[in-house]
Amino acid sequence: MSNLSMQHIFKEGSDPAAPVLVLLHGTGGNEHDLLPLAEMLSPESSVLGVRGNVSENGMPRFFRRLAEGVFDEEDLVLRTKELNDFLDEAAREYGLQRDRMIAVGFSNGANIAASLLFHYENALWGAVLLHPMVPLRGKQLPDLTGVPVFIGAGKNDPLCSVSETEELESLLAGAGAEVQLYWDNQGHQLSKRELYAASDWLDNRF
């Protein structure tokens, strides 16, 4: 058992040249939730599944919220730094290339991944954001030139409106990220079509 600062699971991949997938679950999930997704997206990759350190009525999350869709921004900033520091630690602990980490996050996990992009220039090599929201407004983003980002969104998602998704796309693209936005007709859940699109994107970009 490691002494790292966040509960996690590490699985070594078969190809050291493949990107390292950092799996970030949704509210109430855990470090195991997205392992089948990682197997689908990049089966040769090393995988770091992370559990959020915040508990909301017993449900793990990556940062606190004040109400549905209303983030505790102070906690968000603190927890984003916590996750970024953890990725530094994990890279040292497991001999991973820190500059080859791609976040794969769903819902709350996608929001903390987006927050990493908003706060740290070299936090991620790329990101798969599945049903994310804008983590923080009124912030000057770092230079994200050339950072590939896939956003999977549902046109009927009650938590992430079409305008919210488009705003996030615009903010990331405005900072130089290369954003691909994929729409499906579902609500706040993953669809097979969306995941196949993310898998194709990953194959083509990395």
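Sequential numbering from 1 along the given sequence is applied to the chain's residues.
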On a heavy-atom basis, the closest approach of Val134 and Glu164 is N-OE2, 2.7 Å
So which atom in Leu76 and which in Pro135 form the shortest heavy-atom distance, rounded to 0.1 Å?
CD2-O, 3.1 Å
So Leu48 and Leu23, do their side chains get closer than 4.5 Å, heavy atoms only?
no
Spell out, yes or no, whether Val50 and Ile112 are grouped together once hydrophobic residues are joined by side-chain heavy atoms under 4.5 Å, including indirect joins.
yes
Inter-residue atom distance Leu96.CG - Met101.CE, 0.5 Å rounding
5.0 Å
Listed by chain and number, what are the side chain to side chain donor-acceptor pair (under 3.5 Å) partners of Ser161, not counting sequence neighbours?
Ser163
Heavy-atom closest contact (Thr165 atom, Ala153 atom, distance)
CG2-CB, 3.7 Å
Aromatic ring proximity Phe206/Trp201, centre distance under 6.0 Å:
yes
Taking only residues two or more places apart in sequence, or in another chain, which ones meet Arg92 in a side chain to side chain donor-acceptor pair (under 3.5 Å)?
none
Rounded distance (nearest 0.5 Å) linking atom OG of Ser107 with atom NE2 of His188
3.0 Å
Candidate pair Lys11 and Leu35, rule side-chain contact (heavy atoms from CB on, under 4.5 Å), full reasoning
CA-CA 9 Å; Lys11 294 181 72 175; Leu35 290 175; 4.0 Å; yes
Under 4.5 Å between side-chain heavy atoms, hopping through other hydrophobics if needed: is there a path connecting Leu4 to Val20?
yes
Heavy-atom check, side chain of Thr80 versus side chain of Asn84, under 4.5 Å
no
Looking only at side chains, do Glu56 and Thr27 share a donor and an acceptor under 3.5 Å apart?
no
Apply side-chain contact (heavy atoms from CB on, under 4.5 Å) to the pair Arg205 and Gln180, showing each step before the final yes or no.
CA-CA 11 Å; Arg205 297 309 304 261; Gln180 179 170 323; over 6 Å; no
Other residues, nucleotides, ligands: >12 heavy atoms within 6.0 Å of Lys139 NZ
yes
If you draw a 6.0 Å radius around CD in Glu12, do more than 12 non-hydrogen atoms from other residues or ligands fall strictly inside?
no
Between Ser5 and Glu89, does the side-chain hydrogen bond (donor to acceptor under 3.5 Å, both in side chains) criterion hold? Intermediate values first, please.
CA-CA 8 Å; Ser5 57; Glu89 295 171 20; 3.2 Å; yes
List the steps and the verdict of side-chain contact (heavy atoms from CB on, under 4.5 Å) for Leu78 and Phe63.
CA-CA 8 Å; Leu78 176 77; Phe63 58 89; over 6 Å; no
Look at the side chain of Ser45 and the backbone N and O of Pro19, then say whether any donor-acceptor pair between them is shorter than 3.5 Å.
yes
Taking the side chain as everything from C-beta on, heavy atoms only, tell me whether Leu144 gets closer than 4.5 Å to Glu121.
no
Criterion side-chain contact (heavy atoms from CB on, under 4.5 Å) on Phe62 and Leu24, from CA distance to verdict:
CA-CA 8 Å; Phe62 287 98; Leu24 305 167; 3.8 Å; yes
Any side-chain heavy atom of Leu124 within less than 4.5 Å of one from Val147?
no
Within-4.5 Å side-chain heavy-atom neighbours: Phe71 and Leu66:
no
Report whether Phe86 and Leu21 are members of the same hydrophobic cluster (ILVMFWY, side-chain heavy atoms less than 4.5 Å apart, transitive linking).
no
Check for a donor-acceptor pair, side chain of His25 on one end and backbone N or O of Gly52 on the other, with a separation under 3.5 Å.
yes
Heavy-atom closest contact (Gly49 atom, Glu31 atom, distance):
O-CB, 3.2 Å
Roughly how far apart are Asp15 CG and Ser42 OG, rounded to 0.5 Å?
8.0 Å
Electrostatic pair Glu167:Arg137 at N-O distance under 4.0 angstrom
yes
Can you confirm whether Glu194 sits close enough to Gln186 that some side-chain heavy atom of one is under 4.5 Å from a side-chain heavy atom of the other?
yes
Do NZ/NE/NH1/NH2 and the carboxylate oxygens of Arg65 and Asp72 come within less than 4.0 Å?
no
So, do Leu195 and Met40 sit near enough that their side-chain heavy atoms are less than 4.5 Å apart?
yes
I'd like to know if Tyr94 and Val22 are part of one continuous hydrophobic network [Ile/Leu/Val/Met/Phe/Trp/Tyr, side-chain heavy atoms within less than 4.5 Å].
yes
Met6 backbone acceptor or donor facing His8 side chain under 3.5 Å:
yes
Are a donor atom and an acceptor atom from the side chains of Asp157 and His131 found within less than 3.5 Å of each other?
yes
Nearest-0.5 Å distance, CG of residue Leu190 to CZ of residue Phe106:
5.0 Å
With rounding to the nearest 0.5 angstrom, report the CG to CG distance, Asn108 to Leu159.
11.0 Å
Let me see the working for Arg64 and Glu74 under salt bridge (Lys or Arg N to Asp or Glu O under 4.0 Å), right down to the final yes or no.
CA-CA 9 Å; Arg64 287 198 298 264; Glu74 188 177 338; over 6 Å; no
What heavy-atom pair brings Trp183 and Glu166 nearest, and what distance separates the two atoms?
CZ2-CG, 4.1 Å
Nearest-0.5 Å distance, CZ of residue Arg79 to CG of residue Asn53:
6.0 Å
Report the residues that fulfil side chain to side chain donor-acceptor pair (under 3.5 Å) with Asp200, sequence neighbours left out, ordered by chain and then residue number.
none
So, Asp184 and Lys155, do they make that salt bridge, N to O below 4.0 Å?
no
Would you find a donor on one side and an acceptor on the other, under 3.5 Å apart, between the side chain of Glu73 and the backbone of Leu136?
no
Shortest non-hydrogen contact from Ala113 to Leu129?
CB-CD2, 3.6 Å
When you group the ILVMFWY residues by side-chain heavy-atom contacts below 4.5 Å and let the links chain together, are Leu117 and Leu171 in the same group?
yes
